[in-house]
Every structure is written in C-alpha cells, then in structure tokens.
Amino acid sequence: ALRKFIEDLVNPQIDWRKILQKYVSESDDDPTMYKIPNRRYASRDIYLPGLKGKEEGFGTVVIAVDTSGSIGQDEYNTFLAESRSVLKTFQPKEIYIIYCSDGMDPPSGGIDRLASAAQPLDKSKQMSTGGNGGGFDPPIKWVEENLIKKGKDLACMIYFTDGGAEDPEKPKWHRKMIWAMTTSHKMPFGKH
C-alpha cells in the first residue's frame, strides 16, 4: 500500500480533458463564434452583429498511437479509447490516426483518415512489428509533409506513447504537440 501511495505521488494520473481544454483556450487556433451580420443595416453600410452565429470549429487533429513492442494490450486499448474521447469531445474538421511501431507503412502500421468521430477504426491499419526503429519521427515528419507544408489548419497533434525511443527532432510547429505519456519521461518540447 505504501509503494502504491508513493507511486501515485511520483507519477500522478492527469486528466487529459483539462490539459487539452487548457491547451485549446491558450492556442491561437481557439474555436470561436462569429456572428453573422444583421441584414437589416447592411444596406446602409452598417455592419452590426446579428443574433445568429457560425461556430468555427477545431481544425485538423492528428493522433499518433505508439504500437511498439513496449506497449501492452491494456495500454493500447486505453490509447484508442482516449483517442475516441478526444474526437467526440472536440469534433475536429479532419481526423488522422497514425499507428506506428518501426514506421507508418505496412507492416509497421498505417494511417486512418476519419470523416467523423463516430466512424469505425480500420483494424487492418492497427499493426505492429513489435520494434521501434523509427522512433517518434515518422508521424511528425508525415504531419510536416502532408499538412503543414500544404497549408492545412493543424489544431494539434496528440502522441500516445510510453516514451520508449530517442527524443524526436523539434518541428517548427512544436507548440501544437501534446504528449500523452504512460511514463514520467519528458520530451524536450510540447505539452505533457
């Protein structure tokens, strides 16, 4: 009992919802409500906000799920459940889930593009070689090449992992990274 008490003090469980909500409220890409101008005054070149609004939601969310050999089935199931919860809570415009062990291409994993948070996950992309030769860099580089360089609105990238690889290279958009770690390992950038 004393060992568990000390472990809870040293490695506290953090509510990711509070961390993500804090992150969203601090970010520049904060979802906001825009009021549609009142048409009654528009003909006189007076633009006043109307009663109806249009909500500009969360942009693109990328979730990287570590499927390397150090991740057990319970951790993996928790990663997927938490991913679903993030998607249902924030309803992003675009959703990418990247499964990766040695890399992102079969047989090491795959990329699941979801049209909505309710869409079922593609089980054929949830693979693992058991290794982690590529470290954390392949999903980060994929985001760089396929989203950032193409001008997509990246709200954030959430990386579910145990931290069992070398620290990745720091991308220019490092402030949009959230690390959901099962260990006390700290990355040199991003939110933890």
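Computed from heavy atoms alone, side chains included, the values below leave out hydrogens, waters and symmetry copies.
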(message) Please enumerate all residues that pass salt bridge (charged side-chain N to carboxylate O under 4.0 Å, His left out) together with Arg113, with sequence neighbours excluded.
(response)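 Partners of Arg113 under the salt bridge (charged side-chain N to carboxylate O under 4.0 Å, His left out) test: Glu94.
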(request) State which residues pass salt bridge (charged side-chain N to carboxylate O under 4.0 Å, His left out) with Lys149; sequence neighbours excluded, sorted by chain then number. (result) Glu145
Those residues that, when tested against [X], pass side-chain hydrogen bond (donor to acceptor under 3.5 Å, both in side chains) (two or more places apart):
X	value
His185	Asp167
Ser83	none
Glu144	Trp173

(request) Apply side-chain contact (heavy atoms from CB on, under 4.5 Å) to the pair Thr78 and Thr182, showing each step before the final yes or no. (result) CA-CA 10 Å; Thr78 301; Thr182 60; over 6 Å; no
(message) Between Ile97 and Phe160, does the side-chain contact (heavy atoms from CB on, under 4.5 Å) criterion hold? Intermediate values first, please.
(response) CA-CA 11 Å; Ile97 298 182; Phe160 287 98; over 6 Å; no
At their closest point, which heavy atom of [X] faces which heavy atom of [Y], and how far apart are they?
X	Y	value
Ser70	Glu75	O-OE1, 3.6 Å
Tyr76	Ile71	N-CG2, 3.8 Å
Leu114	Pro120	CD2-O, 4.0 Å
Asp153	Gly59	OD2-CA, 3.4 Å

What is the distance from atom [atom1] of [X] to atom [atom2] of [Y], rounded to the nearest 0.5 Å?
X	Y	atom1	atom2	result
Gln119	Leu87	CD	CG	10.5 Å
Ile158	Phe79	CD1	CZ	12.5 Å
Leu154	Ile148	CG	CD1	4.5 Å

(request) Would you check if His192 and Met187 make a side-chain contact, meaning some heavy-atom pair closer than 4.5 Å? (result)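 Yes, side chains in contact.
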(request) Find out whether Tyr96 and Asn146 are in side-chain contact, i.e. whether some heavy atom of one side chain is under 4.5 Å from a heavy atom of the other. (result)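 A side-chain contact is absent here, since even the closest heavy-atom pair is not under 4.5 Å.
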Is there a donor-acceptor pair closer than 3.5 Å between any side-chain N or O of [X] and the backbone N or O of [Y]?
X	Y	result
Lys152	Thr60	no
Thr161	Met181	no
Asp122	Asp112	no

(request) Name the orientation class of the two ring planes belonging to His174 and Phe189 (parallel below 30°, tilted from 30 to 60°, perpendicular beyond 60°). (result)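 Rings of His174 and Phe189: perpendicular, as their planes differ by over 60°.
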Under 3.5 Å, which donor-acceptor pairs link side chains of residues 135-142 to any protein atom two or more places apart or in another chain?
unit_1 : atom_1 : unit_2 : atom_2 : d
Asp137 : OD1    : Glu169 : N      : 3.1

